[in-house]
**Q** 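The structure under discussion is supplied below as structure tokens; questions concerning it will follow.
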Amino acid sequence: MVSPKPSAPTDTIRLRGVRQHNLTGFDLDLPLGRYIVVTGLSGAGKSSLVFDTLHAEGQRRYVETFSAYTRQFLDLLDKPAVDRVENIRPSIAIQQTNTVKTSRSTVGTMTELTDYAKIWFSQVARCYDPDTGKPVEDDTPATIWAKARKALPDETAVVAFRIQKPDNITWSEVLKNLRGQAYVRVLVRSSDKQEALTAHRVDALEADESPLRDCDHLFVAQDRVNLSRGGKSRFLEAAETALHFGQGEIHLFSAGKSPHTFKSIGHYSRGLHSPDSGRSFRAASPALFSFNSPLGACPDCRGFGRVIEIDYRLAIPDHTKSIDEGAIKCWEGQVY
């Protein structure tokens, strides 16, 4: 019985019988996932090995994966003189000459890899509030429903939006406007230190505004919905309206320990807006991850990687000296 031929290891590129140009038919194994430097005297065959053998075979096999129509538009390299090549990967070759006279030119820009990277980053990026460290998400009525269902399944929640009282308008005018839009109840916090809110009828507050004496805002109850599966359509409609009148923000409350009291169970916002800090953020885009764009470039170096400024530690190395004693180092040279 003939034993099967052992398979080639997948962690190396195996070259057998390399005879390209002045190479003399040797065998070579190159480990994958490593930086490899090829050195030698001029004419030793460095370019014949790296470019004319490895790169040529890697590119040739990669181009063969395209259709015949696509291959006619691509530059094809000749098949190298080698007996066998195993585990070769698609390759990228960069010439030694720098045709772009700018410090922004890198390996990523010359190979156009950054064009794919910034598109990928913009798709998988997640926004975090630097003040709180919490993720900032663009919520919709559907996502708010899913989060509320996960937190309080089969319970009743009050969908509300916040109203800030303008300085030039009285509470009487605000309540009259709410009653004219058919709103019945609002939630009021009696003090800043109290977490629970108390429910009041709009018409009762019009008759007695004392609960609003020390308040600069209140929450208007858009609807009271049970978070069961049957209440989804009603919740989505209420949430959409609350987001509209709440300027992109919505609050959810559940019944508290005392009668007619409610506690907050969620604060959500439309767009990349942090409910905790109130900051708004720009949505991720490919330009945000490009140092060639004003959006993604460093504000200090403008994407060039260097800043022209004075290092006062070098200009004035000895702070104990006066100007006459030579405190400013650059004034002590031959020029000055």
Side-chain angles (χ1 to χ4, degrees), residues 127 129 131-132 134-149 151-152 155-206 208-225 227 231 234-256 258 260-281:
C127 180
D129 188 349
D131 295 336
T132 62
K134 297 181 180 179
V136 180
E137 299 177 346
D138 186 359
D139 285 311
T140 63
T143 60
I144 297 173
W145 163 260
K147 294 177 181 178
R149 279 272 300 170
L152 295 172
E155 292 194 20
T156 301
V158 175
V159 181
F161 58 92
R162 187 176 186 270
I163 287 185
Q164 185 78 24
K165 186 182 85 66
D167 296 334
N168 57 346
I169 296 180
T170 64
W171 276 122
S172 299
E173 296 174 296
V174 174
L175 295 173
K176 181 179 179 181
N177 188 24
L178 290 176
R179 183 167 52 83
Q181 297 184 43
Y183 286 106
V184 179
R185 288 180 175 82
V186 295
L187 305 180
V188 179
R189 182 176 283 111
S190 57
S191 64
D192 294 338
K193 298 182 179 179
Q194 186 177 1
E195 295 184 359
L197 290 89
T198 306
H200 298 272
R201 291 184 60 88
V202 175
D203 52 4
L205 285 177
E206 285 186 293
D208 181 14
E209 296 183 8
S210 57
L212 298 172
R213 184 178 299 113
D214 299 327
C215 296
D216 61 352
H217 69 276
L218 53 77
F219 297 91
V220 181
Q222 179 66 38
D223 201 353
R224 189 170 183 174
V225 185
L227 298 178
R234 182 173 174 178
F235 180 92
L236 295 179
E237 181 180 356
E240 185 64 40
T241 306
L243 286 170
H244 174 71
F245 289 109
Q247 298 181 352
E249 297 188 42
I250 185 176
H251 297 260
L252 300 183
F253 301 93
S254 64
S258 304
H260 305 291
T261 61
F262 294 84
K263 60 181 180 180
S264 176
I265 60 174
H267 181 191
Y268 307 97
S269 61
R270 174 177 285 164
L272 293 178
H273 174 270
S274 175
D276 299 320
S277 64
R279 296 181 59 178
S280 297
F281 303 91

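Each residue takes its place number in the sequence, starting with 1. Scope of the values below: all heavy atoms of this structure, side chains included, with no hydrogens, waters or symmetry mates.
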**Q** Output the distance between atom OG (S280) and atom NE2 (H273), rounded to the nearest 0.5 Å.
**A** 4.5 Å
**Q** For residues D131 and S277, report the shortest heavy-atom separation together with the two atoms involved.
**A** OD2-CB, 3.8 Å
**Q** What are the two closest heavy atoms between G231 and V225, and how far apart are they?
**A** O-CG1, 3.5 Å
**Q** Tell me if a side-chain donor or acceptor on K165 pairs with a main-chain N or O of I169 at a distance below 3.5 Å.
**A** yes
**Q** For the CD atom on E173, are there more than 12 heavy atoms of other groups (residues, nucleotides or ligands in this structure) within a distance under 6.0 Å?
**A** yes
**Q** Which atom pair, heavy atoms only, marks the closest approach of L236 to P141?
**A** CD2-O, 3.3 Å
**Q** Given 3.5 Å as the limit, does a donor-acceptor pair link the side chain of R162 with the main chain of G246, or not?
**A** no
**Q** At what distance, to the nearest 0.5 angstrom, does CZ of R279 lie from CG of L272?
**A** 12.5 Å
**Q** Might you point out which heavy atoms bring V159 and A242 nearest each other, and give the distance in Å?
**A** CG1-CB, 4.0 Å
**Q** Grab the two heavy atoms, one from S274 and one from D129, that are nearest each other, plus how far apart they are.
**A** OG-OD2, 2.7 Å
**Q** Run the side chain to side chain contact (heavy atoms under 4.5 Å, CB included) test on L243 and Y268 for me, step by step, so that the C-alpha distance in whole Å, both residues' side-chain angles and the decisive distance to 0.1 Å come before the verdict.
**A** CA-CA 9 Å; L243 286 170; Y268 307 97; over 6 Å; no
**Q** Got Q164 and Q247 here, is their nearest side-chain heavy-atom distance under 4.5 Å?
**A** no
**Q** Among F161, F262, F253, which one satisfies ring-ring contact (aromatic ring centres under 6.0 Å, His included) with F219?
**A** F253
**Q** Would you give the length of the straight line joining atom CZ of R185 to atom NE2 of H200, rounded to the nearest 0.5 angstrom?
**A** 12.0 Å
**Q** Quick one: pull up CD1 in I144 and CZ in R149 and give me the separation to the nearest 0.5 Å.
**A** 15.5 Å
**Q** Between atom CD1 of I163 and atom CH2 of W171, what is the distance when rounded to the nearest 0.5 Å?
**A** 7.5 Å
**Q** Which atom names give the shortest non-hydrogen contact between I265 and S254, and what distance separates them?
**A** CG2-OG, 3.2 Å
**Q** Can you check whether R270 reaches T140 side chain to side chain, under 4.5 Å on heavy atoms?
**A** no
**Q** Return yes when atom CZ of R224 has more than 12 non-hydrogen atoms of other residues, nucleotides or ligands closer than 6.0 Å, and no otherwise.
**A** no
**Q** Between atom NZ of K263 and atom CG of L252, what is the distance when rounded to the nearest 0.5 Å?
**A** 13.0 Å
**Q** Going by heavy atoms in the side chains, are E209 and C215 under 4.5 Å from each other?
**A** no
**Q** When you measure from the side chain of E155 to the backbone N and O of L227, does any donor-acceptor pair fall under 3.5 Å?
**A** no
**Q** Please walk me through it: do L212 and L175 pass side chain to side chain contact (heavy atoms under 4.5 Å, CB included)?
**A** CA-CA 11 Å; L212 298 172; L175 295 173; 4.0 Å; yes
**Q** Got E137 and T143 here, is their nearest side-chain heavy-atom distance under 4.5 Å?
**A** no
**Q** Any side-chain to backbone donor/acceptor pair from E240 onto E237? Under 3.5 Å, distance only.
**A** no
